[in-house]
Protein chains: 2
Amino acid sequence: MRRNTIQRQLVYTAVQNSKSHPTADEIYNTIKESYPDISLATVYRNLNLLAQDSEIRKISVPDSADRFDHTVKPHYHIKCTCCGRFEDIVTRYMDQLDSAVAEDTSYLVESHDIVFQGLCPRCSRA
Amino acid sequence: MRRNTIQRQLVYTAVQNSKSHPTADEIYNTIKESYPDISLATVYRNLNLLAQDSEIRKISVPDSADRFDHTVKPHYHIKCTCCGRFEDIVTRYMDQLDSAVAEDTSYLVESHDIVFQGLCPRCSRA
DNA sequence: GTGGCTGCAAAATGTTTGCACGGAT
DNA sequence: ATCCGTGCAAACATTTTGCAGCCAC
């Protein structure tokens with residue numbers, strides 16, 4: 001049975017209100033402004049619980065800390081190899097990849113993540 | 001100018017000889033058997049240099065340590081969410097995704113990685 | 001009242017770095 | 001002779017965990 005604590009609500013709200021893709025530490029610092037007693041461990045615990053419950057999404061980013069996304073609907077991401085900027089891609093999720101791979105591998109495929117890498121407009125001008 | 005040291009050759013060879021997708025620590029332990037003085041820091045340094053030079057590939061794995069791949073040709077991976085098993089997928093690399101995303105985002109897209117997740121045959125039977 | 005959740009500190013994990021020395025060029 | 005790469009240890013970054021008390025149920 002899962003309890004509905006103040007801390008979990010704060011974590012959830014902070015992720016929802018973030019326009020970008022915050023790291024655990026960014027969430028922690030945001031919440032601390034209004035609720036200075038919260039602990040980083042609690043932030044991590046709740047981010048993981050919320051991700052388990054599919055209320056937020058956990059994204060694994062190459063060469064940096066995990067990020068969290070308020071958008072639960074599957075979608076893709078792009079990372080600038082120069083400045084680290086990290087953004088959504090607005091293409092349609094390709095369900096058919098999952099079924100194709102399921103046939104080829106005899107895995108029970110649940111999902112896939114795509115991370116594109118390249119130079120963002122600003123960095124490519126330099 | 002890059003020097004050709006024994007240690008770098010050992011790291012390169014260890015990655016090539018590995019059938020799977022070893023972590024830095026696995027490479028380190030393999031090499032230590034024949035060359036006990038090698039340091040983990042040296043293994044990390046050389047793995048990163050080799051990946052920079054595109055002699056091996058570095059793969060970011062959700063919720064676990066980075067892995068290294070002797071296959072330089074771009075291809076996709078799948079991870080079992082239950083036992084952590086990690087394998088190649090033998091589909092064709094979809095170049096057209098990179099150009100499509102380049103058009104949509106005005107990034108200079110270099111590449112993309114896909115990691116599928118699901119249950120491997122063994123785990124799905126349980 | 002109970003047991004899941006918290007804060008804190010410590011530990012665990014994964015990776016990088018400062019430094020003096022040694023070896024490849 | 002140069003100076004890049006090494007081993008070592010320490011630092012660093014990120015995330016998890018043990019524990020005693022607390023609070024939502």
Side-chain angles (χ1 to χ4, degrees), chain A residues 1-15 18 20-53 55-69 79 81 84 86 115, chain B residues 1-15 18 20-53 55-69 79 81 84 86 115:
Chain A
M1 179 46 167
R2 190 144 294 167
R3 283 190 196 167
N4 190 19
T5 62
I6 299 281
Q7 289 88 343
R8 180 138 61 245
Q9 290 168 34
L10 288 168
V11 170
Y12 179 74
T13 306
V15 174
S18 170
S20 59
H21 299 85
T23 60
D25 198 65
E26 284 162 5
I27 294 292
Y28 171 62
N29 283 303
T30 304
I31 297 176
K32 262 214 304 200
E33 284 172 26
S34 61
Y35 192 95
D37 281 352
I38 199 164
S39 133
L40 180 55
T42 298
V43 171
Y44 270 105
R45 279 186 284 236
N46 281 310
L47 285 170
N48 285 330
L49 289 178
L50 290 167
Q52 257 173 50
D53 295 352
E55 306 212 41
I56 64 175
R57 231 158 76 89
K58 184 175 186 172
I59 320 161
S60 177
V61 182
D63 299 308
S64 50
D66 290 341
R67 293 176 172 276
F68 295 86
D69 196 329
K79 185 190 179 192
T81 48
F86 191 84
V115 179
Chain B
M1 180 47 170
R2 189 144 295 168
R3 282 189 194 165
N4 191 18
T5 62
I6 299 281
Q7 290 86 344
R8 180 140 57 247
Q9 290 169 32
L10 288 169
V11 170
Y12 179 73
T13 306
V15 174
S18 170
S20 59
H21 299 84
T23 60
D25 199 65
E26 284 163 4
I27 294 292
Y28 171 62
N29 283 303
T30 303
I31 297 177
K32 262 214 305 200
E33 285 172 26
S34 60
Y35 191 94
D37 280 354
I38 199 164
S39 134
L40 180 55
T42 298
V43 170
Y44 270 106
R45 279 186 284 236
N46 281 310
L47 285 170
N48 285 330
L49 289 178
L50 290 167
Q52 257 173 49
D53 295 351
E55 307 212 42
I56 63 175
R57 231 157 77 88
K58 184 176 185 172
I59 320 161
S60 177
V61 183
D63 299 308
S64 49
D66 290 341
R67 294 177 172 275
F68 295 86
D69 196 328
K79 185 191 178 191
T81 48
F86 190 83
V115 179

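For clarity, every value in this text was computed on a predicted model and none was experimentally measured. Numbered from 1 within each chain, the chains take letters A, B, ... in sequence-line order.
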Between [N] atom [atom2] and [X] atom [atom1], what is the distance in whole Å?
| X | N | atom1 | atom2 | value |
| --- | --- | --- | --- | --- |
| B/Ile59 | C/dT15 | CD1 | P | 13 Å |
| B/Asp25 | C/dT15 | CG | C1' | 11 Å |
| A/Leu49 | D/dT15 | CG | P | 15 Å |
| A/Gln52 | C/dC5 | CD | P | 11 Å |
| A/Asp63 | C/dT16 | CG | C1' | 12 Å |
| A/Asn48 | C/dT6 | CG | P | 12 Å |
| B/Asp66 | D/dT14 | CG | P | 13 Å |

Could you state the interatomic distance from [atom1] ([X]) to [atom2] ([Y]), rounded to the nearest 0.5 Å?
| X | Y | atom1 | atom2 | result |
| --- | --- | --- | --- | --- |
| A/Ile27 | A/Thr13 | CD1 | OG1 | 10.0 Å |
| B/Gln52 | B/Asn46 | CD | CG | 11.0 Å |
| B/Asp25 | B/Lys32 | CG | NZ | 8.5 Å |

Within the 4.0 Å heavy-atom criterion, would you say A/Arg45 contacts the bases, only the backbone, or no part of the nucleic acid?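 Counting heavy atoms under 4.0 Å across all strands, the contact made by A/Arg45 includes a base.
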Do any side-chain nitrogens or oxygens of [X] fall under 4.0 Å of OP1 or OP2 in [N]?
| X | N | answer |
| --- | --- | --- |
| A/Asn46 | C/dT6 | yes |
| A/Arg2 | C/dG4 | no |
| B/Tyr44 | C/dT15 | yes |
| B/Thr5 | D/dT6 | yes |

Tell me every residue that passes side chain to side chain donor-acceptor pair (under 3.5 Å) with [X], counting only those two or more places apart in sequence or in another chain.
| X | value |
| --- | --- |
| A/Arg57 | none |
| B/Asn48 | B/Lys58 |
| A/Gln9 | A/Asn4 |

Nucleotide N/O of nucleotides 21-23 of chain D paired with protein N/O under 3.5 Å:
unit_1: D/dC23; atom_1: O2; unit_2: A/Arg3; atom_2: NH1; d: 3.0

Hey, which sits more toward the 5' end of DNA chain D by its nearest nucleotide, B/Gln7 or A/Ser64?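 Whichever sits nearer the 5' end wins; that is B/Gln7.
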Could you pull out the closest heavy-atom pair between [X] and [Y], with the gap in Å?
| X | Y | result |
| --- | --- | --- |
| A/Asp66 | A/Ser60 | OD1-CA, 3.8 Å |
| B/Phe86 | B/His21 | O-ND1, 3.6 Å |
| A/Ala14 | A/Ile31 | CB-CG1, 4.0 Å |
| A/Ser64 | A/Lys79 | OG-NZ, 3.9 Å |

Mind listing the N/O atom pairs, protein and nucleotides 11-13 of chain D, below 3.5 Å?
none

Applying side-chain contact (heavy atoms from CB on, under 4.5 Å) between B/Ile56 and each of B/Leu47, B/Leu49, B/Asp69, report the one that passes. B/Leu47
Kindly say whether B/Arg3 contributes a backbone atom to a donor-acceptor pair with the side chain of B/Arg8 at under 3.5 angstrom?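 Side chain of B/Arg8 to backbone of B/Arg3: a pair is present.
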Quick one, which residues of residues 27-43 of chain B touch DNA chain C with a heavy atom under 4.0 Å? B/Leu40, B/Ala41
